[in-house]
Amino acid sequence: EKASHENPDLILLDLMLPKVDGYWICNLLKNDKRHAAIPIIIVTAKSGADSMKLAKDCGADAYVVKPFEIGDLLSKIASLLK
């Protein structure tokens, strides 16, 4: 809903949300032509290969595991916004 109203340049998305799961949100956004080009970075505590694969399969552009170095996140953001 927020992406529709604000049209962000980039989305930082957690996988563990209160009412829906982040994979579903990522997939929903990436399959909507209005939002498909918005880069999505998954930011999560889930570090397993299965979680990373699911994020890639639903269209995530990058995956960052918490805790993270702020420089790593900023580097991914800069790369995706070029």
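All residue numbers refer to positions in the sequence shown, counting from 1. As a basis for the values below, the full set of heavy atoms in this structure was taken, side chains included, without hydrogen atoms, waters or symmetry mates. Just so we're clear, the structure is a prediction, and the values are computed from it rather than from any experiment.
To the nearest 0.5 Å, atom NZ of residue Lys19 and atom CD1 of residue Ile25 are 12.0 Å apart. Remark: Asp72 CG to Ile70 CD1 distance equals 9.0 Å, nearest 0.5 Å. Note that CD1 of Ile11 is 9.5 Å distant from CG of Asp61, once rounded to the nearest 0.5 Å.
One hydrophobic cluster holds both Val20 and Leu54 under the rule that ILVMFWY side chains link at heavy-atom gaps under 4.5 Å. Cluster membership for Leu13 and Tyr63, using ILVMFWY side-chain heavy atoms within less than 4.5 angstrom, is shared. Criterion: ILVMFWY side-chain heavy atoms under 4.5 Å apart, direct or through other members. Under it, Leu17 and Trp24 are part of a common hydrophobic cluster.
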Report all side-chain donor-acceptor pairs from residues 37-51 shorter than 3.5 Å, counting only partners two or more places apart or in another chain.
from  : atom 1 : to    : atom 2 : distance (Å)
Thr44 : OG1    : Lys46 : N      : 3.2
Ser51 : OG     : Tyr23 : OH     : 3.3

Name each donor-acceptor pair under 3.5 Å that joins a side chain in residues 73-82 to protein atoms two or more places apart or in another chain, with its distance.
none

Test log, rule side-chain contact (heavy atoms from CB on, under 4.5 Å), inputs Leu12 and Leu10: CA-CA 7 Å; Leu12 298 177; Leu10 181 134; 3.8 Å; yes
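Lys66 pairs by the salt bridge (Lys or Arg N to Asp or Glu O under 4.0 Å) definition with Asp14, not counting sequence neighbours.
Residue Ala60 comes nearest to Cys26 through the heavy atom pair N-SG, 3.5 Å, listed as atom of the first residue, atom of the second, then distance. Taking both residues in full, the closest heavy atoms of Gly59 and Lys30 are given as O-CE, 3.2 Å, listed atom of the first, atom of the second, then distance.
Side-chain contact check for Lys2 versus Pro8: every heavy-atom pair is 4.5 Å or farther apart.
Using a distance-only test at 3.5 Å, with no hydrogens or angles considered, no donor-acceptor pair links the side chain of Asp32 to the main chain of Leu28.
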